[in-house]
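Let me begin by presenting the structure, written as structure tokens, before commenting on it.
Indexing begins at 1, ligand by ligand and atom by atom, following the structure's order.
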Amino acid sequence: MSGSCPHRVLVVVGTRPEAVKLAPVVRAMEEAAGFEPVVVSTGQHREMLDQMLSALQVRVDVQLDVMRERQDLHGLTSRLSGQLGAVVADGPYDAVVVQGDTTTALCGALAAFYAGLPVAHVEAGLRSGVLTDPFPEELNRRLVSRLARWHFAPTLPAGTNLLREGVPVGDIEVTGNTVVDNLLWVVGRGLGTSAFAPEGARRRTGPRIVVTLHRRENQGAVMAALARAVADVADARDAEVVLPLHRSPAVRDVVLPVLGDHPRVRITEPLDYLDFTATLSRADLVLTDSGGVQEEAPSLDVPVLVLRRTTERPEAVRAGAAALVGTDPDDVRRAALDLIDDPGALRRMRSVDNPFGDGHASARILERLDRDLTAAASQRPEAVAARP
Ligand code: UD1
Ligand code: UDP
């Protein structure tokens with residue numbers, strides 16, 4: 001890294017997936033002489049974010065506290081916008097990094113834009129093609145793309161989406177997804193403890209299945225029907241299901257009444273990342289509406305059924321590691337049972353190469369930021385005046 005004055009970069013995290021995907025970027029910045037990362041945690045998530053930051057050993061410099069129980073998007077946006085605006089004004093910063101498509105990411109990008117700071121968007125260019133699905137994330141990610149100076153696309157299709165929307169090719173870097181950098185870091189240090197029963201203590205003859213559910217557009221009747229489909233699959237094949245429950249009351253309200261006392265379903269609190277990845281790596285199958293889990297499962301050779309109508313991560317589906325099954329409970333039941341009954345199909349899904357990255361995404365992001373921030377610094381009036 002070049003330059004004697006380090007690039008002071010504000011890194012904004014608010015929810016569990018942002019912590020996962022920005023932890024390797026922060027780590028890389030801390031190890032690089034040319035960067036001074038300042039991490040702001042908005043607290044959009046409270047316990048789940050703290051759990052993740054602590055598991056991934058990310059130090060927080062500025063702690064906000066915006067979460068409210070059952071927060072609505074208006075209140076959340078307003079608290080984030082005001083408080084992040086104040087953090088940005090407390091600079092100086094050379095750039096602001098946001099990740100993905102949460103309300104924290106949108107408000108972080110907006111605060112930077114209002115302050116005239118360049119925005120680096122990590123995991124740029126994901127598109128489902130439907131503005132309301134996922135809600136409100138598809139809108140958030142499109143808005144962040146309008147605000148960003150650097151678009152770090154995880155895959156070529158994501159980069160192509162940006163080009164189609166008129167983002168200049170020179171502003172796009174295809175880096176791989178930082179989720180893989182993080183997973184490799186975790187695997188290198190040793191995974192945690194699986195939530196499945198140890199081999200000797202197994203009471204079930206069927207497959208081990210991980211389930212996660214949380215998306216806003218699935219909450220309510222759709223999520224209840226998905227939970228019933230999970231129960232049916234577990235009963236039909238004597239499966240052992242682990243379902244770490246998101247802390248959102250809107251999720252708990254519908255999942256617990258259906259699966260809370262089910263003998264084949266172990267509901268846990270959100271698992272520590274090390275324990276979650278240990279659990280995932282031992283699963284035969286994962287049923288999920290999560291974005292991050294869609295990327296981690298193929299990285300750990302676990303077949304995925306995506307419980308959503310659309311996905312902005314078509315790479316895993318195209319590669320054959322995942323199937324988009326929708327949210328109709330009959331479709332979910334059929335897809336899961338057909339797959340469980342077809343060991344050849346399960347094996348083929350497991351053997352697909354991970355399409356999401358090679359573990360060097362953070363290095364590519366830093367290289368580009370360093371180059372452009374060094375060039376920008378050399379154009380500042382004081383640098384120009386100091387030239388012989
Ligand atoms: C948010 C993101 C979503 C992301 C998800 C990751 C938005 C609009 N949505 O959705 O893109 O996939 O995080 O999980 O940014 N809660 C707690 N403790 C926690 C976390 C949440 O109690 O640690 C409860 C609170 O009552 C909160 C509710 O969950 O009001 C919902 O949290 P929120 O961040 O608004 O939405 P998510 O569905 O988690
Ligand atoms: N995760 C975790 N513990 C759990 C469930 C999920 O650490 O009990 C991790 C998971 O490995 C992934 C991230 O949380 O990296 C995904 O978060 P979530 O599904 O909440 O959000 P999304 O990725 O859909 O935005």
Side-chain angles (χ1 to χ4, degrees), residues 12-24 41-56 65-77 79-80 98-108 123 126 133-141 143-144 177-180 182-183 186 191-192 194-195 210-219 223 242-253 266-281 283 286 288-297 299-300 302 306-308 311-313 356:
V12 186
V13 297
T15 66
R16 167 165 85 176
E18 292 163 270
V20 170
K21 292 170 179 179
L22 287 177
S41 160
T42 65
Q44 174 178 336
H45 281 176
R46 194 175 287 151
E47 303 86 354
M48 282 164 49
L49 179 62
D50 292 348
Q51 179 186 39
M52 191 60 87
L53 292 168
S54 128
L56 300 179
D65 184 22
V66 303
M67 196 195 92
R68 301 290 178 270
E69 197 178 324
R70 293 180 195 267
Q71 58 205 358
D72 64 41
L73 293 172
H74 307 282
L76 177 63
T77 305
R79 289 188 296 282
L80 281 166
V98 300
Q99 191 281 331
D101 51 23
T102 65
T103 306
T104 285
L106 172 62
C107 293
E123 201 183 61
L126 273 61
D133 194 331
F135 178 85
E137 290 81 6
E138 177 78 0
L139 175 69
N140 287 351
R141 53 172 83 111
L143 293 175
V144 175
N177 198 310
T178 56
V179 78
V180 181
N182 190 57
L183 205 48
V186 168
L191 296 177
S194 159
V210 168
V211 177
T212 81
L213 292 167
H214 78 279
R215 301 236 76 89
R216 253 169 218 265
E217 68 279 4
N218 283 351
Q219 287 167 8
M223 197 172 281
V242 168
L243 193 165
L245 201 54
H246 195 285
R247 278 191 175 267
S248 171
V251 173
R252 295 187 169 211
D253 285 350
R266 177 166 177 219
I267 297 207
T268 70
E269 287 300 324
L271 295 171
D272 170 271
Y273 190 74
L274 307 185
D275 292 347
F276 182 73
T277 44
T279 308
L280 191 57
S281 67
V286 52
T288 188
D289 63 7
S290 161
V293 177
Q294 281 179 65
E295 295 153 348
E296 289 159 345
S299 308
L300 294 167
V302 182
V306 181
L307 309 182
R308 289 180 41 190
T311 181
E312 58 290 303
R313 293 164 168 90
F356 291 111

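Scanning all protein heavy atoms for the shortest distance to atom 11 (O) of ligand 2 gives Glu296 OE1, 2.6 Å. Atom 29 (O) of ligand 1 has as its closest protein heavy atom Ser248 CA, 3.2 Å. Of the protein's heavy atoms, Met67 CE, 3.4 Å lies nearest to atom 22 (O) of ligand 1. The closest protein non-hydrogen atom to atom 14 (O) of ligand 2 is Arg16 NE, 3.2 Å. For atom 21 (O) of ligand 2, the closest non-hydrogen atom on the protein side is Pro17 CG, 3.5 Å. At the shortest separation from atom 19 (O) of ligand 2 among protein heavy atoms lies Ser290 OG, 2.7 Å. When hydrogens are left out, the protein atom nearest atom 21 (C) of ligand 1 is His45 CD2, 3.7 Å; that is the closest non-hydrogen contact. The single protein non-hydrogen atom nearest to atom 23 (O) of ligand 2 is Gly292 N, 2.7 Å, given as residue, atom name and distance.
The closest approach between any non-hydrogen atom of Val20 and ligand 2 is below 4.0 Å.
Remark: His246 engages His45, His214 in a ring-ring contact (aromatic ring centres under 6.0 Å, His included) (not counting sequence neighbours).
Only the side chain of Thr15 comes within 4.0 Å of ligand 1, counting heavy atoms alone; its backbone N, CA, C and O stay farther away. If you look at Phe276 next to ligand 2, the close heavy atoms, those under 4.0 Å, all belong to the side chain.
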